[in-house]
Amino acid sequence: MRWINYDSKLALLLVLLLSVSTRIKASSEDGEFNQCEHIVKKWASSSLDSEINKDKHILRDLLYFLHVPRTGGRTYYYCFLKRLYANSSECPRSYDRLRLDPRKPDCRLLVTHDDYSVMSKLPKEKTSVVTILRDPIDRVFSTYEFSVEVAARFLVHPNLTSALRMTGRLRAKTRGGVSTLDIWPWKYLVPWMREDLFSRREARRRKGWPSIYSDDPYDMEDVVMPLHKYINDPIAQEIIHNGATYQIAGLTNNSYLAESHEVRHCIQKYQPLGEYVLDVAKKRLDNMLYVGLTENHRESATMFANVVGAQAISKFAGSNSRKGLVANSIPGQSSLIPDIDPDSNYHLSNSTYPKPGKFSSTDTVEATNEDMTTRKLMEGYETCISSLRSTQSQRRANSLKNIRPANFTKEARRRISKVLLQEITSLNYLDVELYKYAQGIFANQQQYAMPTKVGEENLVNMFKKPYGAPSWSVLSISLSIFLFLLFIILYLNARRRISKIKL
């Protein structure tokens, strides 16, 4: 009996200890959540307070293009902005691995993957911000594919050591140049994928190069990291998922804000806190001069020409600042970002953002003429983007030859399982909501962006009109139709009365 009594007391003691431990743990978790909530709220409050209320529809002295990766921003840079701004007008170190210095006199254009926190280095009251967003699922696919594409270029070397040695030599030869490996987020994603590709190739070599039976490039484990493993890796969690929201909020791992890592960590640990970040990102989209959508490519490009291009033309025309309007030549010369590839056939002729192969110099001359219009700007854009896409397509094909039979196609994307698509959607819950919000902004922009050349004054008057408010011309026409119909009704009623009296 004593042993039974002793065992009962011991069991009761263990239950009490477990209960106390559970309460302490719960209390500790509550304390961590409360602390995180305080940190995120404090950041969100200060971020919203720092926003400047101004007429966002006016192009200011400095244009900051916040380039969210894999949204098509490079085409805007080469085919629009380099026709509107001279090389000398660009802020130094755009796309560079080094912290930029925007204090250059007459710095008018900043195009960079730096997140919104760079605004802390800029004169906010003189800066207009533009960006492009993409469907989050498609952006994850594109990020995965581009990471593999760039990493695969290194497979021309027998091993990783040889590739790294060659890269070092090329860097020494091209001092001042910037490689894809220097640009966020590729400076993290490409080395990761490069090491993985070499590892898988070496494993296949040791096995005697077994045949590949899979026809799914997104799940070809012997050749490349499968997509389902890629999206669940800590690196992807840190950099890719909800990347657009973090970039616009200024909270990437490339942020200028000291508290960015702590805030991001809290959000990743406690998802409900993401709403604060989403609110900040939405507010910043509201305050931007232009928000484009990759999926609405044609409409976005036309709107950019009418809203940003037209104001740039008007702003620089007939003034000393006119020299800021495309004195530079064909897109992609002196300001090209050299891409240091492991293949010597590439590194001297290609860039991270390859220049168009066929772009008539007359297009550039047109840009400097006093009669430059948005229509001419769009015509030049169409020529430029066609050539740019051709160059990129060829380069992609050459790169993917190194990982045959893996080949990323639209058809292969369509075969991705619904389960995996749902997982990507869930992992990017903030970006999904932000993209929906951006679609609303885009619809409003479309409604009021004029399809003809507009001056700055006309653009101001156009956008100062409250959303949904009809113009006087519409009201006048509507009133005339109403009065005409009223006259017909009264006339017919009068005829009927006269007919009755006669009877």
Side-chain angles (χ1 to χ4, degrees), residues 40-41 43-68 71 73 76 81 91 102 107-134 242-252 255-257 260 263 274-293 300 303-304 306-312 315 430-431 433-449 456 459-469:
V40 175
K41 278 186 173 182
W43 164 82
S45 177
S46 63
S47 297
L48 293 174
D49 289 344
S50 66
E51 293 295 309
I52 295 177
N53 294 321
K54 62 183 180 183
D55 191 342
K56 68 173 184 177
H57 303 296
I58 301 299
L59 176 62
R60 303 290 166 176
D61 295 337
L62 173 61
L63 177 63
Y64 165 32
F65 186 176
L66 193 162
H67 183 184
V68 178
T71 58
Y76 278 55
L81 295 173
C91 296
C107 172
R108 289 184 175 274
L109 175 66
L110 173 63
V111 184
T112 175
H113 284 315
D114 276 313
D115 65 29
Y116 198 91
S117 64
V118 76
M119 285 290 284
S120 63
K121 307 290 182 181
L122 305 176
K124 293 183 180 180
E125 70 284 353
K126 296 181 179 180
T127 303
S128 293
V129 186
V130 298
T131 194
I132 305 173
L133 293 185
R134 184 175 187 176
N242 299 307
T245 304
Y246 286 134
Q247 197 169 348
I248 293 169
L251 292 175
T252 68
S255 178
Y256 286 83
L257 300 179
S260 63
V263 174
E275 290 298 321
Y276 294 104
V277 180
L278 195 58
D279 287 342
V280 172
K282 287 178 178 179
K283 179 66 175 177
R284 286 177 175 168
L285 286 183
D286 284 333
N287 290 335
M288 289 186 184
L289 170 64
Y290 163 89
V291 176
L293 301 177
S300 290
M303 191 186 305
F304 189 89
N306 288 321
V307 174
V308 180
Q311 290 197 71
K315 195 177 187 70
L430 293 176
D431 274 7
E433 291 303 315
L434 187 66
Y435 184 74
K436 290 178 183 176
Y437 191 79
Q439 288 177 308
I441 294 175
F442 184 78
N444 285 332
Q445 288 177 156
Q446 268 192 306
Q447 185 177 356
Y448 291 97
E456 180 173 335
L459 194 70
V460 174
N461 294 333
M462 174 181 72
F463 279 115
K464 278 187 176 179
K465 205 183 300 178
Y467 288 149

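Heads up: numbering here begins at 1 and tracks the sequence.
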request  = Kindly indicate whether the side chain of V130, heavy atoms from C-beta on, has any atom under 4.5 Å from the side chain of V307.
outcome  = no
task = Please name the pair of heavy atoms, one in T131 and one in F65, separated by the smallest distance, quoted to 0.1 Å.
result = CA-CE2, 4.0 Å
message = Would you compute the distance between atom OH of Y246 and atom CG of D115 and round it to the nearest 0.5 angstrom?
response = 12.5 Å
query = Do the rings of Y290 and F304 sit parallel, tilted or perpendicular, given the 30° and 60° boundaries?
reply = perpendicular
remark   = Closest non-hydrogen contact found for L430 with G274 is CD2-O, 3.5 Å
key: Nearest heavy atoms of Q311 and H57, plus distance in Å   = NE2-O, 2.9 Å
remark   = NZ (K282) and CG (L48) are apart, to the nearest 0.5 Å, by 12.5 Å
query = Can any side-chain N or O of H67 pair as donor or acceptor with the backbone N or O of H113 at less than 3.5 Å?
reply = no
note = Between the OH atom in Y116 and the CE atom in M288, the distance rounded to the nearest 0.5 Å is 6.0 Å
L62 vs C91, side-chain contact (heavy atoms from CB on, under 4.5 Å): CA-CA, chis, key distance, verdict = CA-CA 9 Å; L62 173 61; C91 296; 3.8 Å; yes
task = Flag the pair I58 / S128 as yes when at least one side-chain heavy-atom distance between them is below 4.5 Å, and no otherwise.
result = no
message = Applying side-chain contact (heavy atoms from CB on, under 4.5 Å) to L66 and R284, what does each step give before you reach the verdict?
response = CA-CA 11 Å; L66 193 162; R284 286 177 175 168; over 6 Å; no
ask   = So, for A438 and V291, which heavy atoms are closest and what is the spacing to 0.1 Å?
value = CB-CG1, 4.2 Å
ask   = Can you tell me how far CD of Q247 sits from CG of D431, rounded to the nearest 0.5 angstrom?
value = 10.0 Å
task = Just do the side-chain contact (heavy atoms from CB on, under 4.5 Å) check on L257 and W43 with the steps written out, would you?
result = CA-CA 10 Å; L257 300 179; W43 164 82; 3.8 Å; yes
ask   = What pair of heavy atoms forms the shortest contact from I248 to A281, and how long is it?
value = CG2-O, 3.8 Å
inquiry  = Donor-acceptor check, side chain of R60 to backbone of E125, threshold 3.5 angstrom: yes or no?
reply    = no
inquiry  = To check you understand the geometry: which heavy-atom pair defines the closest contact between L251 and V263, and what is its length?
reply    = CD1-CG1, 3.7 Å
query = Is there side-chain contact between Y76 and V111, with at least one heavy-atom pair below 4.5 Å?
reply = no
inquiry  = Under a 3.5 Å distance rule, please check whether T252 uses its side chain to pair with a backbone N or O of G243 as donor and acceptor.
reply    = no
key: S255 (side chain) donor-acceptor with G250 (main chain) under 3.5 angstrom   = yes
request  = Give a yes or no on whether the backbone of P123 and the side-chain of T127 come within a donor-acceptor separation of less than 3.5 Å.
outcome  = yes
key: D61 (side chain) donor-acceptor with K126 (main chain) under 3.5 angstrom   = no
task = First locate atom OG of S300, then atom CG of L293, and finally report the distance between them rounded to the nearest 0.5 Å.
result = 5.0 Å
note = Distance col, row Y435:OH vs L285:CG, nearest 0.5 angstrom, shows 12.5 Å
